[in-house]
Amino acid sequence: MPINAPSVAELLGKISRTPLSVMEVCGTHTVSIFRSGIRSVLPPTLRLVSGPGCPVCVTDQGEIEAALSLLDRGAVVAAYGDMFKVPCEGGSLASKRSRGLDARVVTGAMDVLSLAEEYSSREVVFLGVGFETTAPATAALVAEAARRGIRNLSVLSFHKRTPPAVELLAADPDLRLSGFLLPGHVCVILGHDPFRFLPEKYGLPGVIAGFEPDQILLGLADIVRQHEQGAPALRSVYGKAVKKEGNPKALGLLEEVFEHRDTAWRGIGTIPASGLALKRPYESFDAEKRFGISLRPGTPPAGCRCGEVLTGKIIPPECPLFRSACTPLSPVGPCMVSGEGTCGAYFRYFKGDRS
Amino acid sequence: MPINAPSVAELLGKISRTPLSVMEVCGTHTVSIFRSGIRSVLPPTLRLVSGPGCPVCVTDQGEIEAALSLLDRGAVVAAYGDMFKVPCEGGSLASKRSRGLDARVVTGAMDVLSLAEEYSSREVVFLGVGFETTAPATAALVAEAARRGIRNLSVLSFHKRTPPAVELLAADPDLRLSGFLLPGHVCVILGHDPFRFLPEKYGLPGVIAGFEPDQILLGLADIVRQHEQGAPALRSVYGKAVKKEGNPKALGLLEEVFEHRDTAWRGIGTIPASGLALKRPYESFDAEKRFGISLRPGTPPAGCRCGEVLTGKIIPPECPLFRSACTPLSPVGPCMVSGEGTCGAYFRYFKGDRS
Amino acid sequence: MCLAVPHTIKEILGENRALASAGAVRTEIRTDLLDDVVPGDTVLVHAGFAIEKLSPEDSEELKSLWDELRALAGEPYAH
Amino acid sequence: MCLAVPHTIKEILGENRALASAGAVRTEIRTDLLDDVVPGDTVLVHAGFAIEKLSPEDSEELKSLWDELRALAGEPYAH
Amino acid sequence: MKDTTVTLGHGSGGRQSAELVSQLLDSFRKRNIGPELEDAALLPGGYAMTLDGFTVSPRRFPGGDIGHLCVCGCANDLAVRGASPDFLGISLVLEEGLSSEEAASYMESAASTCARLGMTLAAGDTKVVPSGAVDGMIITGCAFGRIRTARTLSMTGIHEGDTLLVTTSIGRHGAAIASARFDLPVEGLLSDCAPLWPALSPLLHLEGLRCMRDCTRGGLGTVLCEWAEATGLHFSLDEDAIPVGFQVQSLCDVLGFDPLYMACEGCAALAVAPSDADEALRILRQSPLCADAAVIGRVSSAEPKGMVSMKTSIGGERLVDMPWGEILPRIC
Amino acid sequence: MKDTTVTLGHGSGGRQSAELVSQLLDSFRKRNIGPELEDAALLPGGYAMTLDGFTVSPRRFPGGDIGHLCVCGCANDLAVRGASPDFLGISLVLEEGLSSEEAASYMESAASTCARLGMTLAAGDTKVVPSGAVDGMIITGCAFGRIRTARTLSMTGIHEGDTLLVTTSIGRHGAAIASARFDLPVEGLLSDCAPLWPALSPLLHLEGLRCMRDCTRGGLGTVLCEWAEATGLHFSLDEDAIPVGFQVQSLCDVLGFDPLYMACEGCAALAVAPSDADEALRILRQSPLCADAAVIGRVSSAEPKGMVSMKTSIGGERLVDMPWGEILPRIC
Ligand code: SF4
Ligand code: SF4
Ligand SMILES: [Mg+2]
Ligand SMILES: [Mg+2]
Ligand SMILES: [Mg+2]
Ligand SMILES: [Mg+2]
Ligand SMILES: [Mg+2]
Ligand SMILES: [Mg+2]
Ligand SMILES: [Mg+2]
Ligand SMILES: [Mg+2]
Ligand SMILES: [Mg+2]
Ligand SMILES: [Mg+2]
């Protein structure tokens with residue numbers, strides 16, 4: 001079947017008539033859009049706005065400080081590679097590791113079990129970040145550690161829930177978004193229901209898409225189609241991977257291990273019920289309780305406009321620090337750190353402000 | 001005053017008339033004799049026999065095994081550099097260290113206190129070897145650790161007493177020794193009394209000498225003089241350093257911390273009351289008790305004639321393994337390991353069997 | 001947000017553990033989040049966990065979307 | 001058996017600790033085994049401990065030994 | 001430099017490496033005794049020299065080991081400057097506790113590669129450091145060879161209009177190492193570690209040969225960014241033309257890596273006058289190691305100057321930047 | 001080799017080092033592509049090259065630092081083979097966490113020594129390894145220079161009857177390091193670390209100049225034992241003639257070390273025809289670094305062959321052997 005990216009792009013040019021602003025919520029979408037140069041093939045009527053869907057970017061400074069403080073206290077701290085370079089006042093996991101502290105890269109949450117066995121006489125802490133796609137792995141780790149009676153393992157649960165953030169943006173009168181490209185993998189877990197508020201409450205198209213360039217273009221095309229036809233809906237164009245009901249086992253595990261809590265999103269502020277904390281039966285695995293950590297939400301670095309970038313109010317080249325004081329080597333804000341942070345992606349891939 | 005080594009040597013040639021066999025007990029004497037080439041300036045009537053006065057050489061294989069076993073069990077083991085290369089079946093401190101275990105060189109016993117502070121969560125064990133000159137430092141370490149209430153420090157006390165070994169050799173009918181050059185520094189601690197048995201019981205000259213070539217030659221000259229004049233005596237030619245009563249504070253400390261015990265001398269066997277064990281009030285610092293170690297006296301390696309070398313019955317070139325299977329790089333017996341071991345000294349410095 | 005890569009199940013290693021391949025890469029994954037995983041299944045893996053099974057693409061939905069878009073663009077149906 | 005090196009006391013650092021020099025080497029030593037060590041004293045040091053004080057060589061004993069030996073060799077006294 | 005603590009990012013071959021190197025060379029530069037930043041130095045008398053330290057972990061990897069790597073790495077730095085691999089020096093720093101047989105086995109690999117290349121070991125050095133003072137071993141190689149071309153191959157020779165080539169599929173060394181390090185076996189994946197002299201020397205007669213560089217740390221992407229920055233020209237690449245093997249692509253998908261930045265050890269980038277591009281490709285493809293050689297882009301005076309851009313598979317365009325900092329596996 | 005685990009003894013420059021090196025070179029030797037065991041290799045075209053790894057701890061010591069040491073060590077290996085120090089390569093392996101300013105300060109020392117010597121940094125390399133994978137840093141230097149004499153200076157040129165000289169008092173580098181390592185300050189003790197080319201180059205015209213070697217690891221004793229072994233001649237030394245400074249002697253007394261085996265970094269042993277010995281001494285002493293230069297012995301065909309003996313201060317005689325294994329402080 002002749003669906004390839006260039007032909008979708010061509011089609012999109014034909015159907016897009018009214019100017020639209022569409023937000024891609026997910027950082028993986030952001031990066032795929034930049035790396036494939038999608039912006040350069042879109043019709044001028046279609047404006048893409050990058051959203052807060054990079055777990056690195058939205059992890060609050062206070063949360064990073066908490067992880068570093070545990071390193072300082074002698075714990076082994078395990079984290080996904082994505083988190084290593086994120087700076088806060090006290091440094092980063094990478095800079096702590098370079099001073100000989102035990103920050104370890106893991107590629108899966110379950111690797112933390114072996115670390116806890118290897119360092120049986122030390123505290124091993126997992127820095128749990130990410131959205132609903134990632135949180136089930138942490139939940140499974142905690143459940144398994146509980147089953148095995150492992151005593152030296154705990155978790156800093158800084159996981160975040162996507163729907164509250166998306167609703168905040170949908171409701172923002174300044175943004176005037178025309179629709180949302182929704183994160184395919186979050187929806188693999190959550191299903192369709194948590195995003196139905198988009199068409200039902202705000203009259204906005206919500207399209208769940210995969211991450212290949214052609215899948216993204218197809219998702220965008222469907223948002224345009226919904227607008228052109230005046231029929232906003234929630235739809236998945238990600239094939240059979242996303243089921244309407246999501247992944248029941250994953251949802252059950254999240255329900256078993258976590259409860260909602262108010263959580264600070266870096267650059268955005270506290271969003272009610274947008275975080276996941278360990279429930280009472282698992283509180284012995286809660287590193288915040290175990291080490292008596294009280295999170296202090298960080299203040300954004302002076303001059304950094306991450307909050308506006310993360311909510312799509314400005315694009316990075318509009319930040320005065322972009323490419324001058326703020327580069328991937330010495331990032332001012334977290335959006336510049338991550339490979340999928342909006343500022344980082346603009347810096348690396350965007351020709352617009354250079355030619 | 002015109003006393004220098006060449007003139008003493010010349011004098012010695014004049015006064016030495018009857019053939020004599022003199023044993024230098026101390027390994028430091030042995031090395032000084034070899035390094036200064038004293039043998040090559042002695043009259044043919046004077047034969048020097050090297051004795052068992054190298055603490056490395058006489059430390060039993062079972063004692064080394066005990067230290068290595070504590071390394072294997074995760075302890076930090078501190079020892080004087082002299083002990084690092086001494087092999088036993090399980091390797092050596094150096095080979096254990098090369099596998100990442102924590103064997104540390106100290107240049108003074110008190111350095112072990114700082115190690116115990118640095119590694120406060122680990123067991124730190126001092127390998128206490130040496131004769132009466134060295135044992136007071138270990139005693140002071142134990143006394144100080146007790147005073148400070150240090151709980152992670154203990155001592156393998158393999159110290160040895162010189163007089164019982166010297167008496168064993170003086171009494172040996174096979175040896176036919178004509179006199180003893182006694183160890184100056186041991187006598188700094190012990191004084192004259194513990195060696196009075198030499199003239200009084202065995203009719204043998206005992207001369208306490210320093211370690212410079214001229215001091216050694218002077219000591220030998222006095223042994224010859226005593227023989228020539230038929231007046232065996234105990235005499236110090238080491239100036240005021242050696243007092244008749246020894247060092248009372250050091251002797252007091254030895255008395256306070258140690259008690260005599262039977263001990264195996266490598267290559268020689270067990271000599272009654274020739275070892276120093278920690279007394280009851282200090283037994284919590286006794287690594288043997290603390291870690292439940294029972295020493296198994298080692299069997300000498302096949303073919304090694306260390307026992308005969310150490311008791312002056314043969315010289316190293318008479319051992320069939322000397323310079324062939326046994327070299328300082330792969331020593332068969334301990335006499336080849338130490339810089340002051342008799343076989344090692346012959347190997348390094350002796351021209352006699354090479355030209 | 002969440003990199004996820006399709007893997008093919010090669011071997012079940014025990015409860016909740018399977019050997020899988022992603023292209024030429026062989027790796028051990030967790031299957032806690034799925035029921036009845038069997039060798040041959042294609043699953044989407046994120047952070048070491050299979051998060052969903054992928055069925056052989058049913059093109060009907062995609063075909064109808066494509067048709068809708070082409071209609072909107074005023075292009076004739078190609079099939 | 002026991003290397004020991006003469007050191008000169010430079011400074012008393014506290015009970016049983018002193019700064020000493022052996023030739024050009026400066027080092028901290030323990031004086032537990034001696035009474036009344038004062039700066040200027042020469043002591044014999046083994047394994048970090050001063051084991052004895054050395055007095056300025058009293059040459060009498062050595063001189064008499066020397067004389068005995070020369071007499072035995074049949075040499076005339078030189079002094 | 002803002003951050004005065006050396007981090008792994010400084011070792012990853014990208015932008016940070018360049019900044020550290022520039023700080024370290026400052027003392028030499030201000031005395032006018034500093035080096036150019038080319039693979040090998042051209043010395044009076046027609047010789048070229050180079051040196052490189054090798055610290056790969058694991059020391060034995062699919063497709064090679066640290067001994068073979070050392071010889072290839074050094075010889076390739078000579079080869080890309082048109083010098084034959086004639087003499088080698090090897091300096092070893094060994095951790096006590098290492099098996100001397102293991103160390104000797106790497107010397108066997110090195111010797112065998114040298115022998116194939118006609119290279120002689122002229123000098124050596126061995127140091128042993130205490131357990132913990134080095135992780136197993138470090139090999140530093142220096143190589144020395146006669147320059148076999150009258151032209152000076154260097155970045156300064158790159159011109160507007162030049163064609164860019166790559167000699168083989170990219171990223172195989174980095175992928176082999178990542179596979180071992182992250183315990184992700186990849187079927188059929190071997191490091192590309194190999195000497196380039198046999199494939200590159202037949203190109204030396206081409207009038208249009210401008211510059212060659214072996215893509216090591218930092219990969220093809222870093223080499224091209226360095227060239228663009230140094231020449232002030234614009235480099236445009238064609239994503240679909242860059243050869244990436246199935247194995248490398250699979251591993252990159254799983255770990256979230258970009259093949260453009262994965263290390264190579266038997267792959268070079270070439271800038272060639274357009275008139276000689278076809279002939280260069282033909283010659284390269286005669287070497288079994290360069291069957292996948294390809295034209296991947298061209299040099300122009302377009303904007304943005306001093307930068308690299310890439311035409312993507314969907315017909316879009318984007319920039320290619322140097323990697324920033326250490327490359328870490330991602331889940332996002 | 002009986003012991004197949006590398007130990008610090010293998011790094012101490014004595015007998016064990018020689019055995020390890022021989023095992024490591026075996027693969028090259030059996031292919032006839034192995035090096036001679038001289039300080040620097042003589043290459044066709046009148047050039048010499050050498051390389052050495054430096055891992056000194058502490059990195060800054062009385063009288064120098066690892067950067068200065070690297071340049072001196074490499075340049076001295078050239079100098080003793082009659083080659084001028086023309087070009088240098090420096091390869092750095094840095095531990096993450098190191099201060100880049102600290103590393104740059106060693107490069108400043110290196111650059112300043114290079115500038116004094118007229119040496120150019122031709123090539124460099126920087127690698128960064130994870131915290132714990134190296135103890136701070138390792139520098140490997142390679143040096144390259146034109147041979148400035150028509151004679152080949154090497155061990156094979158040593159003849160019966162030759163006079164042995166040493167250019168300065170021995171053991172100062174090793175003593176300075178030991179002083180820092182064992183926390184034993186020694187008043188007025190500085191490492192002898194210095195470039196020898198200015199002092200040695202005026203000797204090159206002497207017909208009777210046979211062989212020179214810088215006494216590094218293993219000290220003067222090891223150099224002479226190696227010469228004796230390689231030539232099969234007998235070397236006899238005069239203990240009283242060997243210059244040992246008060247500071248070095250003091251430290252050796254306290255730690256139980258032998259100055260003969262203490263490392264030097266600005267001191268060479270020379271074998272010279274007897275007819276030129278006085279002139280060599282006179283020339284050496286004109287250099288401020290060689291005021292203590294001395295005739296220390298001679299080469300003969302006496303027994304035991306291939307060995308070194310020493311006439312002691314008391315008029316006795318004994319052998320001098322290579323050090324065996326690591327040199328450790330002694331209490332006995
Ligand atoms: S460019 Fe940097 S400072 Fe500006 S918004 Fe982005 S991350 Fe913040
Ligand atoms: S030469 Fe070796 S084997 Fe023989 S007695 Fe001496 S130490 Fe023992
Ligand atoms: Mg290169
Ligand atoms: Mg290079
Ligand atoms: Mg290279
Ligand atoms: Mg060397
Ligand atoms: Mg190690
Ligand atoms: Mg040398
Ligand atoms: Mg050298
Ligand atoms: Mg040198
Ligand atoms: Mg390099
Ligand atoms: Mg370190």
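Letters go in sequence order (proteins before strands), and every chain restarts at 1.
The OH atom of B/Y349 sits 10.5 Å away from atom CG of F/L319, with the distance rounded to the nearest 0.5 Å. With rounding to the nearest 0.5 Å, the separation of OG in B/S330 from CD in F/Q16 is 9.0 Å. B/H185 contributes atom NE2, which lies 12.0 Å from atom CD1 of F/I331 (distance to the nearest 0.5 angstrom).
When all heavy atoms of F/E19 and B/L329 are compared, the closest pair comes out as OE1-CD2, 3.2 Å. Smallest separation of non-hydrogen atoms from B/V105 and F/L328: CG2-CD2, 3.8 Å.
Using a 4.5 Å cut-off between heavy atoms, B/R35 touches chain F through backbone and side chain atoms alike.
Of the residues B/S40, B/S7, B/P213, the one that meets the side-chain contact (heavy atoms from CB on, under 4.5 Å) test with F/I314 is B/P213.
Here B/D82 is the residue among B/D111, B/V106, B/D82 with the most heavy-atom pairs under 4.5 Å with chain F.
Side chain of F/T7 to backbone of B/S95: no donor-acceptor contact under 3.5 angstrom is found.
F/L8 has its side chain within reach of B/R97: a pair of non-hydrogen atoms, C-beta onward, lies under 4.5 Å apart.
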Side-chain donor-acceptor pairs of residues 174-186 of chain F under 3.5 Å, sequence neighbours excluded:
unit_1	atom_1	unit_2	atom_2	d
F/S179	OG	F/L184	O	2.9
F/R181	NE	F/S57	O	3.4
F/R181	NH2	F/S57	O	3.3

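A donor-acceptor pair shorter than 3.5 Å can be found between the side chains of F/T5 and B/R99.
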